[in-house]
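Let me begin by presenting the structure, written as structure tokens, before commenting on it.
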Amino acid sequence: MPELPEVQTVVNTLAGRILGRRIATVRLLCDDIVDPPGCDLVGRLQNRIIRAVTRRGKRIVFSLHDGNRFYIHLGMSGRLTLEPADSPILKHTHLILKLVTDATHGQSDDGLHLRFRDPRRFGGVWWIGSEADGNGCDDRIGPEPLTLHPAQLAKRLARTRRAIKSALLDQTLIAGLGNIYADESLFAARLHPLTPASSLDDQQIARLNRAIKTTLRRAIRHRGSSLRDYVDADGLAGGFQNLHRVYDRAGQPCPACRTPIARIVISGRSTCFCPKCQTLQGARDTKTKSLPGHARHIWPDRDQCPKPTPAR
DNA sequence: GTCCATGTTCTTTA
DNA sequence: CTAAAGAACATGGA
């Protein structure tokens, strides 16, 4: 399910409703989703109060009042949902946290269930510990793309000759991108996915950096992409799948030039791109630097769009 | 039965 | 040795 926009949407739909709640009951129905194995997750969560829910890359990080933290990774098919305590427990539900508010006394608090369900079990729950004990969440994870500077991106991509598509999927280089948003970002940046990462010039780096941000922000605005499993914490699907320009669109016309979208495999991952818009040489080498008028809205990058007449 | 899937990690290869 | 491609993980749907 989950790349940065989907994870961010889950965090957004979760945060306002679980902060300050106490974990009254912990039910771990499948303990091989917990890492490290044998850590006393149930005991460590029991009766703790949730202080914050944030995102780091594709991880959903929970901070507790006692200073400890853990994170949930949704893997490929994971769902993290808030449900009434009496709703039926579906197959492949691995963790249930019953959340209560202690502030309201008297009134019956039937509690709210935070449930983690993941049929494929590529996801799971990772115990981090407390910062005071020197336990960080950032082990070997690359920088956040939404606040990344072009110079940082250039430095990281310079050290590998891999295809840029593969590099973008490498969470140690840059955090949060997956197969959908790597393809969509490369299209928006007009870069061929097989371009060697270390061969990008400053202009292409700037374009890519901007394309990644624009693509991710748009996807977050549309609450992520729901292809198969993904829903937010309220069980609602996202809408960005309808706005994909190349991902899973092989054979369909490129929204900019009508050339059929191509599909190739790069390091085992299906990769979709426009063979005409995304050139291996880079757009700078082509004679035409402007775009057909009907295509302008496709390219979020101002460098590639004829600028409107400047104000004044 | 086959192939494929929004991800990560371990193993093998060059 | 390192870098990068491949296989493996587990399940369900087409």
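Proteins get letters first, then strands, A, B, ... in listed order; numbering begins at 1 in each. This one's a predicted model, so the numbers in the text were calculated from it and none came from an experiment.
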Would a distance-only check, ignoring hydrogens and angles, find a side-chain to backbone donor-acceptor pair under 3.5 Å from A/Q204 to A/D201?
-> yes

Taken to the nearest 0.5 Å, the spacing of A/L28 CG from A/L95 CG works out to 6.0 Å

Sugar-phosphate only, base, or nothing, as touched by A/Y247 at under 4.0 Å among non-hydrogen atoms = sugar-phosphate

Stems in DNA chain B, runs of 3 or more consecutive Watson-Crick or G-U wobble pairs with both distances under 3.5 Å, sorted by first number, are B:2-5 with C:11-14, B:7-14 with C:2-9

Nucleotide of B/dC4, B/dT8, C/dA5 approaching A/R263 most closely (side-chain heavy atoms) = B/dC4

So, is A/K91 close to the C/dT11 phosphate, meaning a side-chain N or O under 4.0 Å from OP1 or OP2?
-> no

Any A/T160 side-chain nitrogen or oxygen under 4.0 Å from OP1 or OP2 of C/dA3 = no

Of C/dA10, C/dA5, B/dA5, the nucleotide closest to the side chain of A/S166 is C/dA5

Between CD1 on residue A/I60 and CZ on residue A/F116, distance to nearest 0.5 Å = 8.5 Å

Considering only B/dG7, C/dA4, C/dT11, which nucleotide approaches the side chain of A/H92 most closely?
-> C/dT11

Quick one: is A/H73 getting a side-chain N or O under 4.0 Å of the B/dT8 phosphate, OP1 or OP2?
-> yes

Modelled atom types, side-chain donor and acceptor of A/R44 and A/N68, under 3.5 Å | no

Sugar-phosphate, base or nothing in reach of A/R120, heavy atoms under 4.0 Å | base

Nearest to the side chain of A/R162, which nucleotide is it out of B/dT8, C/dA5, C/dG12?
-> C/dA5

Give one of base, sugar-phosphate or nothing for A/R117, where a contact means two heavy atoms less than 4.0 Å apart.
-> nothing

Is A/S77 near enough to C/dG12 that one of its side-chain N or O atoms lies under 4.0 angstrom from OP1 or OP2?
-> no

Can any side-chain N or O of A/N209 pair as donor or acceptor with the backbone N or O of A/L148 at less than 3.5 Å?
-> yes

Any side-chain donor paired with an acceptor under 3.5 Å for A/S77 and A/D118?
-> yes

Quick one: is B/dA5 close enough that its OP1 or OP2 comes under 4.0 Å of any side-chain N or O from A/R269?
-> no

Any donor-acceptor pair under 3.5 Å from A/E83 side chain to A/R115 backbone | no

B/dG7 OP1/OP2 closer than 4.0 Å to side-chain N/O of A/Q171 = no

